[in-house]
S.K.: 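Pasting in a structure now, in structure tokens, and then I'll have a few things to ask.
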Amino acid sequence: MLVPELTAATLLGDLGKPLGDPLAGRAILELVLLGASGGALGAWVVLYGFSYSAESLSHSMLPGLVVATLVGGSLVLGGMIAAMVAALAMVAARQMPGLGSDTAVAVVVTTLFGAGVLLALTPSSPAGLANLLFGDVLGTTDGDLVLAGVTAALVGTVLFVLHPRLLASGFDRDAAPALGISPRLAEATVLVLTAVVVVVAVQALGNLLVLAILVAPAMTARRLTRRVAPMMIVAIALAGVGGVAGIYVSYYVGAAAGASVALALVALYSVAGVVARVRKPT
């Protein structure tokens with residue numbers, strides 16, 4: 001009779017180990033905060049068709065990161081400035097006659113990334129740049145947690161205040177000006193917020209994986225609901241679940257934390273696809 005209780009206690013104890021580990025526990029908190037901002041904003045990124053732009057923003061940060069390191073400044077500030085400049089440049093390039101949306105993004109990203117590569121090839125190139133390219137979620141500091149919390153609050157506030165305008169611009173861009181709403185301003189807002197989230201999240205997940213927490217939860221939520229508000233809520237929850245699951249996999253399997261989180265988010269997307277097919281009426 002004591003064996004089941006002992007087994008259950010052991011199991012619960014094993015499940016609680018990552019939470020008791022300082023590194024894993026802080027990583028989970030960081031990912032939950034990033035998931036709050038990334039999940040909510042990701043819904044608009046997906047609805048506006050900015051997934052490629054979001055991926056491109058992370059690459060566009062390179063010159064800002066390099067310059068910040070060369071002058072001894074803040075990498076976060078340098079990356080944020082570069083990402084914001086890239087976001088606004090993408091919006092401006094989209095308005096050029098004869099230049100398609102994807103082409104505009106490609107032009108901006110290629111220009112900025114090329115400039116960053118040239119700067120990085122100088123003798124004083126940043127030695128710690130690889131940390132931002134590949135991330136280190138297990139190295140989360142108090143400052144990182146504060147920054148992620150502030151970012152979540154900022155993104156949530158802006159999206160709440162501008163929700164009607166974003167909705168009008170996203171679903172009827174041509175009719176929005178008649179309502180006194182500027183589609184360009186709405187698009188710029190989404191891209192600038194994306195730049196902020198990417199800069200903050202890239203320290204945890206790295207340049208190559210940051211898109212996972214911004215787009216994957218939103219794409220998964222879109223398979224489960226068609227309304228924007230529920231989609232945002234579901235995306236936030238999925239981002240948190242994927243982050244926690246990824247850290248648990250990393251803790252017990254010994255795999256890279258960032259890659260484990262990304263794979264967990266992709267796995268949720270696959271599961272959602274199965275659920276959507278089952279729910280779909282025949």
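Residue numbers count from 1 along this sequence.
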S.K.: Honestly curious: do Val158 and Met232 fall in one hydrophobic cluster under the side-chain, below-4.5 Å linking rule?
M.R.: yes
S.K.: Could you state the interatomic distance from OG1 (Thr140) to CG (Leu23), rounded to the nearest 0.5 Å?
M.R.: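 Going from OG1 on Thr140 over to CG on Leu23, the span is 9.0 Å.
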S.K.: Atom OH of Tyr269 and atom CG of Leu238: how far apart are they, to the nearest 0.5 Å?
M.R.: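 The CG atom of Leu238 is 12.5 Å from OH of Tyr269, to the nearest 0.5 Å.
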S.K.: Distance check, rounded to the nearest 0.5 Å: Met231 atom CE versus Leu47 atom CG?
M.R.: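 CG of Leu47 is found 4.5 Å from CE of Met231.
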S.K.: Given the rule that I, L, V, M, F, W and Y join up when any side-chain heavy atoms are under 4.5 Å apart, are Leu154 and Leu29 in one cluster?
M.R.: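 No, Leu154 does not connect to Leu29 through the hydrophobic network.
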S.K.: Enter the distance from Thr220:OG1 to Leu265:CG here, rounded to the nearest 0.5 Å.
M.R.: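 These two atoms lie 7.5 Å from each other.
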S.K.: How far apart are the closest heavy atoms of Ala82 and Ser60, and which atoms are they?
M.R.: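 Heavy atoms of Ala82 and Ser60 come nearest at CB-O, 3.8 Å.
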S.K.: Transitively linked via ILVMFWY side-chain contacts under 4.5 Å: Val244 with Val266?
M.R.: no
S.K.: Report whether Val137 and Leu147 are members of the same hydrophobic cluster (ILVMFWY, side-chain heavy atoms less than 4.5 Å apart, transitive linking).
M.R.: yes
S.K.: Any chain of hydrophobic side-chain contacts (each under 4.5 Å) joining Ile236 to Val190?
M.R.: no
S.K.: Tell me whether Asp144 is salt-bridged to Arg26, with the criterion being a basic N under 4.0 Å from an acidic carboxylate O.
M.R.: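 No, no charged N to carboxylate O under 4.0 Å.
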S.K.: Starting at OG of Ser37, measure out to CG of Leu214 and round the result to the nearest 0.5 Å.
M.R.: 8.5 Å
S.K.: When rounded to the nearest 0.5 angstrom, what distance separates OG in Ser51 from CE in Met219?
M.R.: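 The CE atom of Met219 is 6.5 Å from OG of Ser51, to the nearest 0.5 Å.
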